[in-house]
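Written below as structure tokens is the structure these notes are about.
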Amino acid sequence: MDLKSRIRRRQRNDGSTRLVVDYDAINPAVHVEEPTGRGPVLERLLDYVEPVFEGDLPPDAYVFGPSGSGKSAVVTALFEQLRRVLSQSASIIHTSTRVLTSDTPTFVYVDAREAASDFALYHAILDGIVEETVPQQGIGLDSIRSRLQDALEPYDSSVLVAVDHVGEPETYGLAEIAGRLEPMADSLGWTAIGRAAPASIADDVLPPERIEVPSYERHALVDIVTERASSGLARRALQHEETRQLASWADGNAHDALAALFAAAHRAAGSGRSRIHHEDLSAGMDGIPRPSVSIGRVLALSDNRKVVLRALIDLDEAARESVDAATAAIAASDGVDLSESTVKRFLYELAEAGITERVTHPRSTGEIGRPPSRVEPRFPTLVFRQLYDLRSGV
DNA sequence: GATCCACGGGAATACACGGATG
DNA sequence: CATCCGTGTATTCCCGTGGATC
């Protein structure tokens, strides 16, 4: 455990034996500075970025691997470190009109979930390059694009952009990213990160370099869970046997493992226990749909969509029996200030994106018209509820 | 005044089914 | 028997409006 976590643990521990010391430490959407068990992948990525140490850009690349395999963990850690290490060798002043010469590229990490329009994408990149703040509204797409181009103009300085979570239902795919970044400048290179295997992607949009991030081995997952539990939970909160069981259940998916751990810990804490019992773990695992939409995707949704989801998961069975009923109940909930038609549109959109699922009712004889459908969450609801409530201070 | 984008609302379309039609 | 039609819902699609920001 690093010093920061130790201090945090002491700081938050007010003397009582709190089971959950730091929710962030067991939050599947939060990544640690030093990823566990991804040595070979890190080496592979370092080989790939090697040219930057000579001041050149590597070729564009596509990093891919299944859900929960640590793609985001490893790329965020790598870009963060590169940015930190390489920027101190040349203290440069970036402005949109002038970039003082530097030997090494600038590194920018962009989450496609937060860059879902052309404007937002260019904005995110520009914001990562220049010192000054970039307006988010009031200026047109053309003007933000040309400002970015200006910033990239001096070809002696270059930028490597990581675009994470490419190809999700609500984010740009590889082709769209390529189409938008390719024409910008020679001094801009990109590394896209996504789930889809290259075989399922058209050849002409695949960048020259492909890097695979395979699923975690079971023992690696055990290490990850152990480490996260040790920095986020009270001592000996999770037995080794339970850890093994969890890792084995998660089947290589670190997101699911941590989500279940989170849910189990929260349940145990709610019952006033000082450690996670077997039944807590079982309940935690049962609460994670498989496959599960990652909690990060849910948390990245717009505020009002989260408001709707937050209300949705508190509805009783009856109210979720149809989109109509759910709409009415949600629109009438405390804290929801949206019209019924907007709530309904959101419910359909969320289902379309796979965040919830619509299950059409079995036909009941005598009923007239098209049968309604039940609304079921496909994400870790307990984790969402807790993180949402923590952040909104409920 | 310009711009982006979330809301809201309504029109168009899809689906399910029983009954009529060819 | 296969198809079409009418009725009633469910779902999708689309676009104008307005808040917030520059």
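Letters A, B, ... mirror the listed sequences (proteins, then strands); counts begin at 1. The structure displayed is predicted, hence computed values, not measured ones.
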Exercise for review: Verify, without hydrogens or angle tests, whether Ser339(A) (side chain) and Thr342(A) (backbone) share a donor-acceptor contact under 3.5 angstrom.
Suggested key: yes
Check your understanding: Do Phe79(A) and Phe107(A) have ring centres separated by under 6.0 Å?
Key -> yes
Without decimals, in angstroms, what is the distance between [X] [atom1] and [N] [atom2]?
X: Arg370(A); N: dG6(C); atom1: CZ; atom2: P; value: 20 Å
X: Arg145(A); N: dT3(B); atom1: CZ; atom2: C1'; value: 14 Å
X: Glu357(A); N: dT11(C); atom1: CD; atom2: P; value: 13 Å
X: Phe346(A); N: dT11(C); atom1: CZ; atom2: C1'; value: 17 Å
X: Glu349(A); N: dT11(C); atom1: CD; atom2: P; value: 14 Å
X: Leu141(A); N: dC22(C); atom1: CG; atom2: C1'; value: 16 Å
X: Arg345(A); N: dT12(C); atom1: CZ; atom2: P; value: 13 Å
X: Ile368(A); N: dG18(B); atom1: CD1; atom2: C1'; value: 8 Å

For [X] and [N], is the shortest distance between a side-chain N/O and OP1 or OP2 below 4.0 Å?
X: Arg358(A); N: dT12(C); result: yes
X: Tyr348(A); N: dT12(C); result: no
X: Ser341(A); N: dG10(B); result: no
X: Ser373(A); N: dT11(C); result: yes
X: Thr342(A); N: dG8(B); result: yes

**Study point:** Glu241(A) and His278(A) side chains, donor-acceptor separation under 3.5 Å
**Key:** no
Check your understanding: Going by atom types only, do Tyr62(A) and Thr191(A) share a side-chain donor-acceptor pair under 3.5 Å?
Key -> no
Review point. For Ser322(A), which contact category applies under a 4.0 Å heavy-atom criterion: base, sugar-phosphate, or nothing?
Key: nothing
